[in-house]
Amino acid sequence: MASGILHKFLHLTSFRSPFLRTAVPSVAAAFALQTAVGVPSILAQTERFYDASGSATFLAVTVLSLYLPSLRARAAAASVAGAAKPPLPSLLSLVTGAGGSAGGLHWRQVALSAAVVFWSVRLGSYLLRRIFQEGHDSRFDAIRRSPSKFAGAFVGQAAWVSLCLMPVLAVNAAPPAMLAAVPLKLTDILGLALFAGGFAFEIAADRQKGRWLRRRREKLHDEPFMTGGLWSRR
């Protein structure tokens, strides 16, 4: 039954535009995942899994967009009697040089998707650990007991994930052969360097904030906001 629903959904979203064929199912997945977490969170009036669900949605939608063309090819083969399902593309295709061939993956798609995966796993695990240490998130104090307002937070997060991932969806929607026709450029290197720098900045800032929060819990200071570090007001 689940397989039939998936095939029907892939058929309904089989647009002519490669971008729409990837973006529409990916955005739908983002809203579905946020709904799956939002409904029990609203009923339990807890925000403990809000941030973690956002990171998980980033990860899931990115991986889905990367493999959607292959999933469509496998679904099409399954509808033809006796047709063999094509294998899912392997990351080894980048090593063997098959990344630019039909059905493969291009290094730009893998690099961009890997950046989102690393970032979402790191941030999601940090935020989940923090909320369990703190016990609550003050951002939700005014809306936790209002189902409509709390639901709006999850809808907003689904929209935020979808909008932020649009560049990734656009790259993953492009045929690998088309990307292979574009040689390595300075913008590729600058983009990866920008991600690496921003990733390191975020890790350092979160560690500094974590130490600041721990010291505040231990009554070592009573600062309302950080006065030192990357996120300080000074």
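Worth saying up front: this structure is predicted, and the values here are computed from it rather than measured. Numbering starts at 1 and runs along the sequence shown.
Atoms CZ and OG, from Arg21 and Ser65 in turn, are 14.0 Å apart once rounded to the nearest 0.5 Å. With values rounded to the nearest 0.5 angstrom, Leu64 atom CG is found 10.0 Å from Asn172 atom CG. With values rounded to the nearest 0.5 angstrom, Leu33 atom CG is found 12.0 Å from Phe154 atom CZ. Taken to the nearest 0.5 Å, the CD1 atom of Ile131 stands 7.5 Å off from the OG1 atom of Thr46. Gln109 contributes atom CD, which lies 10.5 Å from atom OH of Tyr67 (distance to the nearest 0.5 angstrom). Taking CG of Leu127 as the reference point, atom OG of Ser55 lies at 5.5 Å (rounded to 0.5 Å).
Counting heavy atoms from C-beta outward, Arg48 and His136 have side chains that stay 4.5 Å or more apart. When side chains are defined from C-beta on, Gln133 does not count as touching Leu213, because their heavy atoms never get closer than 4.5 Å.
In this pair, Phe132 and Phe49 present their aromatic rings perpendicular. The plane angle is above 60°, beyond the 30 to 60° band.
Connection of Leu68 to Val116 is not established within any shared hydrophobic cluster, with ILVMFWY side chains joined at heavy-atom distances below 4.5 Å, either directly or through further cluster members. Placement of Leu192 and Val171 in two distinct hydrophobic clusters is found when ILVMFWY residues are connected by side-chain heavy-atom separations under 4.5 Å, directly or transitively.
Between Arg108 and Asp188 there is a salt bridge, since at least one side-chain N of the basic residue sits less than 4.0 Å from a carboxylate O of the acidic one. A salt bridge does not link Glu47 with Arg139: every distance from a Lys NZ or Arg NE/NH1/NH2 to an Asp or Glu carboxylate oxygen is 4.0 Å or more. Remark: Arg122 engages Asp206 in a salt bridge, criterion side-chain N to carboxylate O under 4.0 Å.
Taking the six-membered ring for Trp and the full ring otherwise, Phe199 and Phe118 have centroids separated by 6.0 Å or more. Ring centroids of Trp119 and Phe58 are separated by less than 6.0 Å, placing the two rings close together.
Side chains of Thr13 and Arg72: a donor on one and an acceptor on the other come within 3.5 Å.
Although no hydrogens or angles enter the test, the distance criterion places no donor-acceptor pair under 3.5 Å between the side chain of His106 and the main chain of Pro175.
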